[in-house]
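Values below: all heavy atoms of this structure, side chains included; hydrogens, waters and symmetry mates excluded.
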Amino acid sequence: MPDKRLSFKEMCARFDVTPRTLRYYEYIELLTPEKEGRSRFYGPRELARMTLILRGRRFGFALEDIRQWLLIYEKEGTHAQMHEWVALADRQMEELRQQRAQLDETMAELQRLRDDTARTLA
């Protein structure tokens, strides 16, 4: 049976992250690779966690929220984790709605200033 673990370098390449990022995720206990001497190896559990971490980051979740969410699975199981996921997603959706409203307002103001300036030039 082939070794399903990835080395540190392979993990960085697979997920397109820097060594610094990977080390930081280990430091804050998002990932816990197997260590053999100075080498680190990442098995299926760590690959799944990394996928979830990066997905969470893409959606704008704080690393601490992601860490706490992953801990729920370890301590309470899938159902509790899914319940917390819904709550986290609801909060993040509201945050994103607020950010979009602020961005829309800023863009409208910029457009007005741009249009006023363009009229002045005409």
Side-chain angles (χ1 to χ4, degrees):
M1 181 164 199
D3 189 1
K4 295 188 184 225
R5 301 182 314 165
L6 296 180
S7 69
F8 184 84
K9 187 175 182 179
E10 290 168 331
M11 189 75 164
C12 289
R14 171 97 170 254
F15 290 98
D16 193 27
V17 296
T18 65
R20 182 178 180 181
T21 296
L22 199 52
R23 281 190 210 96
Y24 183 68
Y25 288 173
E26 290 174 32
Y27 175 75
I28 63 172
E29 300 177 347
L30 286 171
L31 298 172
T32 52
E34 298 172 34
K35 294 181 180 175
E36 294 176 11
R38 296 188 67 194
S39 299
R40 295 176 175 98
F41 294 96
Y42 303 83
R45 175 185 178 273
E46 300 311 304
L47 272 67
R49 287 174 70 93
M50 187 66 166
T51 299
L52 293 172
I53 292 163
L54 294 178
R55 186 175 296 156
R57 293 301 289 154
R58 193 177 97 231
F59 293 137
F61 291 105
L63 288 174
E64 181 57 23
D65 288 341
I66 295 168
R67 192 178 75 76
Q68 291 298 322
W69 182 70
L70 291 171
L71 279 173
I72 290 170
Y73 176 77
E74 308 264 325
K75 294 179 180 177
E76 301 176 42
T78 303
H79 184 66
Q81 187 185 42
M82 290 182 348
H83 188 277
E84 181 61 19
W85 166 249
V86 171
L88 280 170
D90 287 346
R91 284 195 303 270
Q92 188 62 17
M93 288 295 294
E94 182 54 33
E95 175 69 24
L96 291 171
R97 281 185 199 98
Q98 290 174 11
Q99 288 176 7
R100 182 178 5 184
Q102 291 172 352
L103 183 58
D104 288 345
E105 187 179 310
T106 300
M107 289 176 67
E109 183 179 346
L110 178 59
Q111 186 68 51
R112 281 191 302 276
L113 288 171
R114 180 247 173 245
D115 293 348
D116 290 348
T117 302
R119 277 192 295 276
T120 300
L121 290 172

SB check [X] [Y] (cutoff 4.0 Å):
X: R119; Y: D116; result: yes
X: K75; Y: E84; result: no
X: R5; Y: E34; result: yes
X: R40; Y: E10; result: no

Classify the ring geometry between F59 and F61 as parallel (under 30°), tilted (30 to 60°) or perpendicular (over 60°).
perpendicular

Assess the residue pair E94 and R91 against the criterion (salt bridge (Lys or Arg N to Asp or Glu O under 4.0 Å)); give the C-alpha distance rounded to whole Å, side-chain angles, the decisive distance to 0.1 Å, and a yes or no.
CA-CA 5 Å; E94 182 54 33; R91 284 195 303 270; over 6 Å; no

Show the numbers, then the answer: is there a side-chain contact (heavy atoms from CB on, under 4.5 Å) between M107 and L110?
CA-CA 5 Å; M107 289 176 67; L110 178 59; 5.6 Å; no

Value rounded to 0.5 Å, distance of [atom1] in [X] from [atom2] in [Y]:
X: E46; Y: L22; atom1: CD; atom2: CG; result: 9.5 Å
X: R38; Y: F8; atom1: CZ; atom2: CZ; result: 11.5 Å
X: L47; Y: L6; atom1: CG; atom2: CG; result: 5.0 Å
X: T32; Y: E26; atom1: OG1; atom2: CD; result: 8.5 Å
X: Y25; Y: F15; atom1: OH; atom2: CZ; result: 11.0 Å
X: R100; Y: E105; atom1: CZ; atom2: CD; result: 14.5 Å

When you group the ILVMFWY residues by side-chain heavy-atom contacts below 4.5 Å and let the links chain together, are [Y] and [X] in the same group?
X: Y24; Y: L70; result: yes
X: W85; Y: I72; result: no
X: I66; Y: L88; result: yes
X: V17; Y: Y27; result: yes
X: M11; Y: L63; result: yes

Which residues pass the side-chain hydrogen bond (donor to acceptor under 3.5 Å, both in side chains) test with E109, sequence neighbours left out?
none

Taking side chain as C-beta onward, heavy atoms only, is D16 less than 4.5 Å from L54?
no

I28 to R67 - nearest heavy-atom pair and separation
O-CD, 2.9 Å

Of all heavy-atom pairs linking S7 and Y42, the shortest is O-CD1, 3.9 Å

Please assess Q98 against Q102 for the test side-chain hydrogen bond (donor to acceptor under 3.5 Å, both in side chains), listing each intermediate value before the final yes or no.
CA-CA 6 Å; Q98 290 174 11; Q102 291 172 352; 5.8 Å; no

For R55, does the CZ atom have more than 12 heavy-atom neighbours from other residues, nucleotides or ligands under 6.0 Å away?
no

Does E74, at its CD atom, have more than 12 non-hydrogen atoms belonging to other residues, nucleotides or ligands within less than 6.0 Å?
yes

Distance only, no hydrogens: is a donor on one side chain within 3.5 Å (strictly under) of an acceptor on the other, for T21 and T18?
yes

